[in-house]
K.L.:
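This is the structure I want to talk about, given as structure tokens.
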Amino acid sequence: MLNLTAILMMVLIGHDSRIMKYIIDTHALIWFLEGNSRLGAIAKEILSDAGSELILPAIALAESVWIVSRGKTSIPSVEALLKVVKDDERVSIYPLDFDVIERSIKLISINEMHDRQIVSTALVVESQGNQVAILTCDQNICAAKVVAIVW
């Protein structure tokens, strides 16, 4: 799902992944690593692009570890997941810090705690002067229309 804001941003910046910072949602990470067909085509292109600047919220990494540890994915182990994330130089893990928590409190339109913190991470990164988009198809995040969504 690609919203109007994301389309306009891509047109304005020429869809140059080196300019935009992409916030990775839990499902985007898991589905990319699995090669799952549910991953959106544009998200797959961005996650495959060696020039993409990727930000993984700590909460999304923690949620991914939980999912893998419970055997709910084809990723063989938590260690395998962590190795891939750690070895990918494009990925920066953004901490679950005070700014993220403080912003999440105000996102009352998003019902799920993890989703609030992922969106809050995007808002904090955006407030630092960056253009951001979240790689997600999560309906709670998409419906909130707080930041650009790319899928």
Side-chain angles (χ1 to χ4, degrees), residues 1-69 72-101 103-104 107 110 112-138 140-142 144 146-151:
M1 170 184 295
L2 188 62
N3 69 24
L4 182 59
T5 304
I7 293 169
L8 290 173
M9 289 176 78
M10 286 181 198
V11 170
L12 291 173
I13 65 172
H15 189 53
D16 186 345
S17 61
R18 292 173 301 245
I19 296 171
M20 179 78 72
K21 292 189 184 286
Y22 295 99
I23 311 301
I24 308 170
D25 184 25
T26 305
H27 282 102
L29 176 64
I30 296 283
W31 290 348
F32 178 71
L33 295 177
E34 287 183 324
N36 192 310
S37 63
R38 292 182 285 179
L39 180 66
I42 297 171
K44 182 179 179 180
E45 177 184 324
I46 291 165
L47 290 167
S48 299
D49 184 347
S52 292
E53 290 188 41
L54 306 172
I55 296 176
L56 180 59
I59 193 69
L61 179 57
E63 191 175 17
S64 298
V65 164
W66 178 253
I67 291 167
V68 171
S69 72
K72 305 235 180 234
T73 176
S74 65
I75 297 169
S77 67
V78 169
E79 293 76 19
L81 168 70
L82 293 176
K83 179 172 178 21
V84 168
V85 170
K86 185 177 181 180
D87 290 350
D88 191 331
E89 294 178 0
R90 303 169 305 147
V91 177
S92 298
I93 299 172
Y94 201 91
L96 183 57
D97 63 11
F98 186 84
D99 290 339
V100 171
I101 298 295
R103 284 185 188 259
S104 73
L107 295 173
I110 301 173
E112 211 274 326
M113 178 189 75
H114 298 94
D115 294 341
R116 280 188 186 191
Q117 293 168 353
I118 290 167
V119 172
S120 295
T121 300
L123 292 172
V124 169
V125 172
E126 186 176 57
S127 75
Q128 297 167 348
N130 300 295
Q131 294 179 2
V132 300
I134 300 177
L135 303 178
T136 190
C137 67
D138 185 285
N140 286 318
I141 295 174
C142 294
V146 177
V147 295
I149 304 295
V150 177
W151 194 246

K.L.:
I'd like to know whether Val85 forms a side-chain contact (heavy atoms from CB on, under 4.5 Å) with Leu82, so could you lay out the CA-CA distance, the side-chain angles of the two residues, the decisive distance to 0.1 Å, and finally the verdict.
P.N.:
CA-CA 5 Å; Val85 170; Leu82 293 176; 5.6 Å; no
K.L.:
Please identify each residue that fulfils ring-ring contact (aromatic ring centres under 6.0 Å, His included) with His114, with sequence neighbours left out.
P.N.:
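So His114 forms no ring-ring contact (aromatic ring centres under 6.0 Å, His included) with any residue.
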K.L.:
Nearest 0.5 angstrom please: Met113 CE to Ile101 CD1, how far?
P.N.:
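Rounded to the nearest 0.5 Å, the CE-CD1 separation comes to 8.0 Å.
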K.L.:
Take Val84 and Ile75, measure what side-chain contact (heavy atoms from CB on, under 4.5 Å) needs, and give me the verdict at the end.
P.N.:
CA-CA 11 Å; Val84 168; Ile75 297 169; over 6 Å; no
K.L.:
Using the test side chain to side chain contact (heavy atoms under 4.5 Å, CB included), find all partners of Asp138 that sit at least two apart in sequence or belong to another chain.
P.N.:
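Side chain to side chain contact (heavy atoms under 4.5 Å, CB included) list for Asp138, sorted by chain: Asp25, Asp115, Thr136, Asn140, Ile141.
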K.L.:
Just verifying a value: how many Å separate Trp151 CH2 and Ile42 CD1, rounded to the nearest 0.5 Å?
P.N.:
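CD1 of Ile42 is found 11.0 Å from CH2 of Trp151.
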K.L.:
Look up atom CZ in Phe98 and atom CZ in Arg103, then write down how far apart they are to the nearest 0.5 Å.
P.N.:
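Phe98 CZ to Arg103 CZ: 11.5 Å, rounded to 0.5 Å.
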K.L.:
For Ser74, check side chain to side chain contact (heavy atoms under 4.5 Å, CB included) against everything at least two apart and list the hits.
P.N.:
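Partners of Ser74 under the side chain to side chain contact (heavy atoms under 4.5 Å, CB included) test: Glu34.
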K.L.:
Who pairs with Gln128 by side-chain hydrogen bond (donor to acceptor under 3.5 Å, both in side chains), at least two apart in sequence or on another chain?
P.N.:
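Per chain and number, Gln128 pairs via side-chain hydrogen bond (donor to acceptor under 3.5 Å, both in side chains) with Tyr94.
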K.L.:
Can you tell me how far the CD1 atom of Ile134 sits from the CD1 atom of Ile24, to the nearest 0.5 Å?
P.N.:
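Answer rounded to 0.5 Å: 11.5 Å.
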K.L.:
On a heavy-atom basis, which atom in Cys137 and which in Cys142 lie closest, and how many Å separate them?
P.N.:
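The answer is C-SG, 4.0 Å.
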K.L.:
Can you see which heavy atom on Leu39 is nearest to which on Trp31, and at what distance?
P.N.:
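Heavy atoms only, the tightest pair is N-CE3, 3.9 Å.
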K.L.:
Only pairs at least two apart or in different chains count here, so list each salt bridge (charged side-chain N to carboxylate O under 4.0 Å, His left out) that has a residue in residues 77-86.
P.N.:
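Every pair satisfying salt bridge (charged side-chain N to carboxylate O under 4.0 Å, His left out) with a residue in residues 77-86: Lys83-Asp87.
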K.L.:
If you measure from OG1 on Thr121 to CD1 on Ile93, what distance do you get to the nearest 0.5 Å?
P.N.:
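That separation rounds to 12.0 Å.
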K.L.:
Which donor-acceptor pairs under 3.5 Å do side chains of residues 59-69 form with protein atoms, sequence neighbours excluded?
P.N.:
| residue | atom | partner | partner atom | Å |
| --- | --- | --- | --- | --- |
| Glu63 | OE1 | Thr26 | OG1 | 2.7 |
| Ser64 | OG | Ala60 | O | 2.8 |
| Ser69 | OG | Val65 | O | 3.2 |
| Ser69 | OG | Trp66 | O | 2.8 |

K.L.:
Apply side chain to side chain contact (heavy atoms under 4.5 Å, CB included) to Ser48 and list each qualifying residue two or more places apart in sequence or on a separate chain.
P.N.:
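If we apply the side chain to side chain contact (heavy atoms under 4.5 Å, CB included) test to Ser48, skipping adjacent residues, the hits are Phe32, Lys44.
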K.L.:
Measure the spacing between OG1 of Thr73 and CG of Leu33 and express it to the nearest 0.5 Å.
P.N.:
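Nearest 0.5 Å value for the OG1-CG distance: 8.0 Å.
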K.L.:
Walk me through it: do Ile118 and Ile23 pass the test side-chain contact (heavy atoms from CB on, under 4.5 Å)?
P.N.:
CA-CA 8 Å; Ile118 290 167; Ile23 311 301; 4.2 Å; yes
K.L.:
I need the minimum non-hydrogen distance between Lys21 and Asn130, along with the two atoms involved.
P.N.:
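Nearest heavy atoms, Lys21 then Asn130: CE-OD1, 3.0 Å.
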K.L.:
Hey, are the side chains of Ser52 and Leu47 touching, using non-hydrogen atoms and a 4.5 Å cut-off?
P.N.:
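In short, these two side chains do not touch, never coming nearer than 4.5 Å.
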K.L.:
Going by salt bridge (charged side-chain N to carboxylate O under 4.0 Å, His left out), name the residues that satisfy it together with Asp88, two or more places apart in sequence or in a different chain.
P.N.:
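Asp88 satisfies salt bridge (charged side-chain N to carboxylate O under 4.0 Å, His left out) with Arg90 once adjacent residues are dropped.
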